[in-house]
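Note sheet for the following structure.
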Amino acid sequence: MIRTDLTRRLQEAVERLRAAGKLPAAAAECPVELSEPPNPERGDYATNFAMVAAGHLDKPPRETATLLAERLREDDAIESVEVAGPGFVNIRLKNAYLARWAVKAQQAGESIAKLEKDRPEKVLVEFVSVNPNGPIHLGHGRGAAYGDTLARILESAGDEVGREFYVNDGVNSQQMQLFALSVQAKYRELLGLEFEFPEEGYGGDYVGALAAQIRELHGDSHAGDGPEFFQSASQKLMIEGQRADLERFGVRFDTWFSEQALHDSGEVNAAIETLKQNRYAYEEDGALWLKSTAFGDDKDRCIVRSNGRMTYIASDIAYHKNKFDRGFDRLINVWGADHHGYIARTRAAIEALGYPGDRFDVAITQIVRFLRDGKVAPMAKRTGEMIPLAELMDEVGVDVTRFFYLMRSHDSHMDFDIDLAKEHSEKNPVFYVQYAHARICSLLKKAEEAGLASDPEHAERLVHPSERALIKKIWDLPFEVRRSADDREVHRLTTYAVELARQYHDFYEKCRVISPEEPERSSARLLLCEATLTTLRAAFNLLGISAPERM
RNA sequence: GCGGACGUAGCUCAGCGGAUAGAGCAUCAGACUUCGGAUCUGAGGGUCGGGGGUUCGAAUCCCUUCGUCCGCGCCA
C-alpha cells in the first residue's frame, strides 16, 4: 500500500543519512511514522521523525528535518518536501506515482483489503452465545455485529478465523431448568390442565408461543413429562430461531458448540481431575473450588456445589481447554460489559490447566441503552420486555441495523434511539455510503453506452486534487484493516466507508467523468471510478452490508 | 465499599501523544435547466466534566475529584 511504500522510502533516506555520517547511529532506533498534514495544501503525507528523534539524537528537530528533507527530494516518488512547524516534514507525491497506485487499485479489485501475514494465527472468535431460552433481541445485536465484523476483519488481515457460538444447553443449568418449568406450565395451561407457573419464571409472550409450537410438534401427551423433555424440546426450537435470525443479520457460525457435549464426553470431569492434580482445586464446605486467587482473581470460585451439581464454571473450564486443544493460537471472546467480572476467573482457569493465559482475549462490548418514546426501554428475557432483533430488521433493514451498531466504538456506551432509527432511516450514513456505490454503477453503465472505457495507459491524467485525494483514500483501506485488526476497533471501517464515499462524491462534483471530447481523461477517470467501486465493495463486505447497484 | 467502562458542538458520536479538535443530525444561507440533488458549498455552534501533574507538545498518558453506567452468587 502507499503508506508502507512511502514509509520504506523514508526509512531508506534515514539509513542513507546515517551511513553518510550525517545522523548518529542511534537514528536507526527511531521509528519512522507517517501521518497526514492538517491541511492537504501542505502535502500528501508528513512525518514527525525529526521530533521523535530529537530525544535520542540530541539534535534540534528542525535540523534533522532539514537533512531528511534534502535527502527525500532525491526520491523519484516525491514531488516536493517542506519542513514545517516544530519539525514536521511534509511530503508531496508526484502525480505519476499516485497514478500508478490508481492502476494497482483497479487491478487489485476487492482483494485490496486482503493483507499478507508472515505468521498467520489460528484464531477462534466466540460471540453471541445467548442462552437458548429466548430470541435474539436488540441487546444482543451489538455483540453479534461486532463479533462477526471482527472475524471478517481478522480474516482479511491474514489470520485463519473460526466463529463459534457456545450453547448453554447443560442439564445442570438452573436457568435452563427454570425456563423448562416455565414452558411446561404454559404447555399444561394450553391443555386446560392445572399448572404452576414458577416464581421468577420466564413470562414473555414468546414462551406461550413456544409451548404451542411444542404441542404442535409433539402432541398433547407430554403433560406428565418432567422438565428434561421441555428443556430439550424448547432448546432445539430456540436455537433454530436464533440461528435463523442471525443468518438474516449476516452472521454465520462455523460451530455451535454444545455445553452438554462437554459433560457427555467426560471432558469436564477430566479437566477437574487435571486441576486437582495441579493442586488448583480444593474441597471446602462440601464443595469443590477453583483456586483462582492464585492467578489474581478476587476470590476462589465454586466448581462443584455442595449438592454435587456442577456450576457453569466447570464446563467453562473444559470448554476453554477444548478450544486450545483444537489447535487455536488465540481465543477471542466477545462479552457484554455485564460479564466483565468473569475475565479474571476464566483466565485463571486457563492458566491453572497449564495453558497460556495471554492467548486469551476478551473484547467487551459496552451496554447499549435503548430509548423509545424518549424513555429507556428495558431488554429483559425474564419478563419478555424486549424488542427482538428480527423486528428491527423488519422495520429498518439489515444494513441500517448493522451499520448503526458498528458505527460506535464497541468500548463506548451508546444510546440506541429506536424511534429515530425508524423515522430517520434515510438519513442514516449507510445510505450515503451505498449511494456512492449506486452512483458509480450507473455512471459506468452510461460510460459504456457512450463507448468509453477505462484505460491504465492514461492513468497519468489523474492530477486534480480530488483525484489525488481519492487515490490516497482508496489505499487507506488495507491500512485501516491492519489497524482495526490489531486494535480490535471495528468501527474504524464504518468511518472509513463514509470517508471514502465522501471523497468520491467530492470527486464526482468536481471532475466530469464522461466527456467524449476528452476520451483520454475520461478513461483515466473511469479507471478511478472502477477502483473506488471495488474498494467500496470490499469495505461493505467487511461490514456485512449490501452493495446496491440502484437505490 | 471494591473493580471496570464512559463523560468532546443543541443531539448521536469520531479523534486516543503532534501543527487551527471533526462528522452526521438539527438550525440558517447557497449550487451548473443534473455523467442519479439520497449529492455538493458555506455559516453559526466547544473553557474536550473540574483540578493537578508528566514533556518540546495532552482531548489523548498519570494522579485526584465529580457525574452516569456495568459488575462484585454454591445464577448463566
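The chains referred to below are lettered A, B, ... by the order of the sequence lines, with proteins before strands, and numbering in each begins at 1. All of these numbers come straight from a predicted model, not from anything done at the bench.
- Not a single donor-acceptor contact under 3.5 angstrom links the side-chain atoms of A/Asp338 to the base of B/rA5.
- If you check B/rC72 for Watson-Crick or wobble pairing at under 3.5 angstrom, you find it paired to B/rG1.
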- Item | Contact state string [nucleotides 29-36 of chain B, B base, S sugar-phosphate only, - no protein heavy atom under 4.0 Å] | ------BB

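- In this structure, A/Phe88 packs face-to-face on the six-membered ring of B/rA19, meeting both the 5.5 Å centre cutoff and the 30° plane limit.
- In this structure B/rC28 sits in a base pair with B/rG42, meeting the Watson-Crick or G-U test at under 3.5 Å.
- Looking at heavy-atom distances under 4.0 Å, A/Gln175 makes contact with a base.
- Partner assigned to B/rG57 is none, using Watson-Crick or G-U wobble distances below 3.5 angstrom.
- A/Pro429 comes within 4.0 angstrom of nothing in the nucleic acid, heavy atoms only.
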- Task: Test A/Arg525 against A/Glu467 for salt bridge (charged side-chain N to carboxylate O under 4.0 Å, His left out), laying out the working first.
- Result: CA-CA 8 Å; A/Arg525 286 179 172 172; A/Glu467 295 168 330; 2.6 Å; yes

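- For A/Phe179 and A/Phe230, the gap between ring centers reaches or exceeds 6.0 Å.
- A/Arg347 and A/Asp358 are not joined by a salt bridge, as no carboxylate oxygen comes within less than 4.0 angstrom of a charged side-chain nitrogen.
- A/Asn168 comes within 4.0 angstrom of the backbone, heavy atoms only, and of no base.
- Screening A/Phe370, A/Phe416, A/Tyr146 for a ring pair (Phe, Tyr, Trp, His ring centres under 6.0 Å) involving A/Tyr405 leaves a single residue, A/Phe416.
- A sub-4.0 Å separation between OP1 or OP2 of B/rG15 and a side-chain N or O of A/His491 is present.
- Salt bridge absent: A/Asp506 and A/Arg502 never bring a charged side-chain N and a carboxylate O closer than 4.0 Å.
- Each side chain to side chain donor-acceptor pair (under 3.5 Å) pair with one or both residues in residues 440-450 of chain A, not counting sequence neighbours, would appear here, but there are none.
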- Message: Working note: A/Tyr319 + A/Phe257, criterion ring-ring contact (aromatic ring centres under 6.0 Å, His included); need CA distance, chi angles, decisive distance, verdict.
- Response: CA-CA 9 Å; A/Tyr319 178 40; A/Phe257 194 100; 4.9 Å; yes

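- The shortest distance between the side-chain N/O atoms of A/Ser412 and the OP1/OP2 oxygens of B/rA14 is below 4.0 Å.
- At the heavy-atom level, A/Asp285 lies under 4.0 Å from base atoms of the strands shown.
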